[in-house]
Structure formats: structure tokens, C-alpha cells
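Just so you know, ligand 1 is whichever comes first in the structure, and atom 1 is the first atom listed for that ligand. Bear in mind that the values here come from a model prediction, so they are computed numbers and not experimental data.
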Amino acid sequence: MKLIDKLNQRQSTLFSIEILPPLKGKSIQSIFNSVDPLMEFKPAFIDVTYHREEYVYKKREGGYLEKVSIRKRPGTVGICAALVNHYDVDAVPHIICGGFSKEETENALIDLKFLGIDNVLALRGDQIKTEAVFVPEPDGHAYAIDLVHQIHGMNSGKYLDEETSDASPTNFCIGVAGYPEKHVEAPNLKTDLKHLKAKVEAGAHYIVTQMFFDNSKFFEFVAMCRAEGITVPIIPGIKILTSRTQISALPKLFHIDLPQDLLDVIDACKTEQDVKEAGISWAISQCKELVKADVPCLHFYTMGNPESTRRVASSLF
Ligand code: FAD
């Protein structure tokens, strides 16, 4: 089912999760093990992230280093198909611009169509870890909006080769990313919102936000989106703090602020178990307030750790 229909037909706030493909070599059972504990909350959908290649240096005989391109977490599309098959749940693959030519994107979307997967989250992707800026493929997309245009075009039966005859249109529901605390590269939030609005006008049906720990940032972001004329559902992304190291890691990785009240609570924790408990209670209060505000869905970044999400979900759903 298309997510936008689920979002429009909902009676209350929905529950959804995002998972990562396992490291290369691990079995699909590791995915099921991390999803099983959350199925009792009937996720409206499960997102599966996409991880592009990165470069590593391998030590070779004679002492020289060889630069090798590897993908540590392949399998996004296969995992989506396995989730649909195993749980009969809607799975949403993340599709990125980075590393893909337009034709490779088209072929990936055709695979999804044949698999009966009709929801996608369209993203630009970050730069390769060892590069300073995002570089699109020579025949690829520079921004997520270009990817949205391509998917929207296929939904109208427009394929890259204009001679493709009797092309059957795809029927993708398209999600895009939004940043309550602004995307790191955007000069300011207003400009970022202008680009977000353009993604919606290009055909995106809903927005999922970057994680945030201060609800006022989310509420302000939604108000600014509405003032700009963005009317589609905006789904808050929730991350539950699970370790002290995340206090410095999350702002660095995701370019977000952590509220002082949360830092004070974590500072007062004596053990890592105390930090976990504090992270769970913070997320429960955050989510209760969001549910009260009737957000369309709570989307949990589980990052392979279902236990804390299960604890939070059981106090809400
Ligand atoms: P865009 O919308 O293209 O925006 C990127 C930047 O360019 C922004 O600063 C924007 O303001 C600016 N911009 C946009 N359009 C234009 C334009 N026409 N001209 C000039 N500037 C413009 N990454 C992954 O690699 N895999 C994943 O699975 C993944 N999942 C994610 C899920 C969510 C919910 C979120 C929030 C992020 C996810 N990311 C993922 C990270 C994301 O790919 C990065 O944040 C990336 O840097 C930006 O992607 P975007 O789709 O928001 O890009």
C-alpha cells in the first residue's frame, strides 16, 4: 500500500522504524532478529537505508597500500523484498543519487516495480567518507530533487529512452528528507526550506525528518514549512540515546544540537545502564508530546538496537 494513503487514512499516530542492512557476510536472520521484537507494535512501514561504497587502504605484500572500494552494507533491495515476504509489511528502500547514473537508478526502480515495492525515500546521499564534498556521477543526479523528478516521470510512464514504447507507468509513493535544524550544507534554514518545497512540488508525497532531541525545533520547523506552503505530512524521526559516547558522536554525524536539559540528565548518570534508562525516558516524554500534537507517525531510527525502541513503543502504542 502507498504510504501516503496510510498516512491520510490513519486514525491516530502510526509507528514505523528504520533499519540498516547488516555488515556484508551476515545472514538475513540478523535482520529478522532486530525486527521481530518490534512487530507487535504493527509498524506501518519499515525503511531500509542505503550505504554507498567507501574507500579503504589494504596492506599488500611488500608493504604498499592498495586503495580499494568496498560496500560494507549491501542488500537494501533484497532486505526490503525479504521483509515483505516474511512479515507482509510495507518496506521502503532508500534510494540515493550518489554512485548511481540515471540509467542505474531507472533499472533499480524497475526492479522495485517488479518486486511490488511501491514506496521509496529519495535522497541525495552524503559525500564518500574520504571526500570533502558530494560529487555526483557524470550521468547521475546532483540533488535529491533531480531523483524525485526522475521517479515522478516514471510514474507518468516517462523512461530515459524516449523510444521506449507502451511503457507502463510506475506507481511510487515518494518520501524525502527534511532537517528541523537545517542541512549542514545549507547557508540557512530558509534556503533549505526553499529546496525542500521544491522537492515537494517536484512530486514528493511526504517528508521524514532528521533526528532531533528538542521537540520545539520540530514544531518550529513544521510551522515554517506550513508558512512556506508545504502541506504534505511531516514525519518526525526519533533516535533514542543509548550511550554516553553518542553525546559527542550524534552532533558530529548528524549536525544536530542536544538540549542542555538532556546533557544535565546524562551527566548525572553513574553507569552506562543509567544512560540507557535516561535516554529511554527522554524519548518517551518526547514521543508523548509528539503524539499529543497528533504527528502522523513516529519513525524510529533503531540502528540495529530494537530493545530501547521496544521499551519506548510499549509506553505509547
Ligand atoms: P538534498 O535535498 O539534495 O539537499 C542537499 C543540500 O543541497 C541541502 O543543503 C539543500 O539545501 C541543498 N540543495 C538542494 N537542492 C538544491 C539546489 N537545487 N541548488 C542548490 N542547493 C540545493 N544517506 C544515505 O547515504 N543513505 C541513507 O539511507 C540515508 N537515509 C536518510 C534518511 C533520512 C530520514 C535523512 C534525514 C537522511 C538520510 N541520509 C541517508 C542522509 C542524506 O543523504 C544526507 O543528509 C545528504 O547530505 C542530503 O540528502 P538530501 O536528500 O536531504 O539532499
Side-chain angles (χ1 to χ4, degrees), residues 3 16-22 45-54 71-77 79-80 91-100 105 108 119-129 131-137 140-151 174-212 217-218 221 224-225 228 230 232-239 250-256 295-304:
L3 288 200
S16 66
I17 58 172
E18 177 189 286
I19 61 169
L20 275 62
F45 58 96
I46 302 180
D47 273 39
V48 184
T49 54
Y50 188 93
H51 300 255
R52 67 175 301 181
E53 76 281 11
E54 44 189 281
R71 279 191 63 208
K72 292 185 178 168
R73 294 181 185 272
T76 302
V77 172
I79 290 168
C80 286
V92 184
H94 292 191
I95 307 283
I96 64 168
C97 304
F100 281 81
T105 297
N119 295 289
V120 291
L121 191 71
L123 301 145
R124 188 197 69 180
D126 283 324
Q127 66 270 30
I128 293 181
K129 275 190 185 138
E131 291 179 355
V133 290
F134 175 82
V135 181
E137 291 304 294
H141 296 305
Y143 294 106
I145 187 174
D146 306 318
L147 182 53
V148 175
H149 277 304
Q150 182 174 7
I151 304 168
I174 310 167
V176 289
Y179 302 82
E181 299 178 61
K182 146 185 134 47
H183 183 258
V184 60
E185 294 163 33
N188 56 45
L189 188 52
K190 182 122 182 102
T191 311
D192 209 20
L193 284 180
K194 190 185 85 184
H195 295 309
L196 180 58
K197 187 178 183 198
K199 288 195 281 193
V200 172
E201 285 171 348
H205 298 96
Y206 68 96
I207 296 164
V208 185
T209 76
Q210 182 58 281
M211 65 181 73
F212 56 90
K217 301 236 163 116
F218 174 78
F221 173 73
M224 284 178 80
C225 285
E228 285 291 320
I230 299 171
V232 297
I234 302 178
I235 299 175
I238 308 293
K239 162 84 181 99
L250 296 177
K252 206 164 141 193
L253 280 171
F254 300 105
H255 312 284
I256 52 160
V295 296
C297 182
L298 290 172
H299 186 63
F300 288 88
Y301 297 117
T302 64
M303 294 180 173

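- Between Gly125 and ligand 1, an N or O atom pair is found at a separation short of 3.5 Å.
- For the pair Tyr206/Cys297, no side-chain contact is recorded, criterion being any heavy-atom separation below 4.5 Å from C-beta on.
- Taking only nitrogen or oxygen atoms, main chain and side chain alike, Tyr179 reaches within less than 3.5 Å of ligand 1.
- Close approach of ligand 1 to Asp192 (heavy-atom distance below 4.0 Å) involves ligand atoms 8 (C), 9 (O), 10 (C), 11 (O).
- Within ligand 1, counting atoms from 1 as listed, the ones closer than 4.0 Å to a heavy atom of Ala186 are 9 (O), 11 (O).
- Ranking the protein heavy atoms by distance from atom 17 (C) of ligand 1 puts His195 CE1, 3.5 Å first.
- When hydrogens are left out, the protein atom nearest atom 7 (O) of ligand 1 is Tyr143 CE2, 3.4 Å; that is the closest non-hydrogen contact.
- Side chains of His299 and Ser16: a donor on one and an acceptor on the other come within 3.5 Å.
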Open item on the list: Quick one, Leu193 with Cys225, criterion side chain to side chain contact (heavy atoms under 4.5 Å, CB included). Give me CA distance, side-chain angles, the key distance, then yes/no.
Closed with: CA-CA 7 Å; Leu193 284 180; Cys225 285; 3.7 Å; yes
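- For ligand 1, the atoms closer than 4.0 angstrom to any heavy atom of Tyr301 are 34 (C).
- Polar contact check, His51 against ligand 1: no nitrogen or oxygen pair lies under 3.5 Å apart.
- Short contacts between ligand 1 and Asp126, defined as distances under 4.0 Å to a heavy atom of the residue, involve ligand atoms 43 (O), 44 (C), 45 (O), 46 (C), 47 (O).
- Geometrically, ligand 1 and His94 share a nitrogen or oxygen pair separated by less than 3.5 Å.
- Between Lys129 and Glu54 a salt bridge is recorded (basic side-chain N to carboxylate O distance below 4.0 Å).
- Among protein heavy atoms, atom 35 (C) of ligand 1 sits closest to Ala177 CB, 3.8 Å.
- Proximity of Ile234 to Phe221: side-chain heavy atoms (C-beta onward) are separated by under 4.5 Å at one or more points.
- For atom 25 (O) of ligand 1, the closest non-hydrogen atom of the protein is Tyr50 O, 3.6 Å.
- At the shortest separation from atom 38 (C) of ligand 1 among protein heavy atoms lies Leu123 CD2, 3.7 Å.
- Inclusion of Ala144 in the set of residues having an N or O under 3.5 Å from an N or O of ligand 1 is warranted.
- Each of the following atoms of ligand 1 lies closer than 4.0 Å to a heavy atom of Thr49: 28 (O).
- Near His183, meaning under 4.0 Å from any of its heavy atoms, are these atoms of ligand 1: 5 (C), 6 (C), 8 (C), 9 (O), 45 (O), 46 (C), 47 (O), 48 (C).
- Residue-ligand proximity, Gln210 to ligand 1, at heavy-atom distances under 4.0 Å covers atoms 36 (C).
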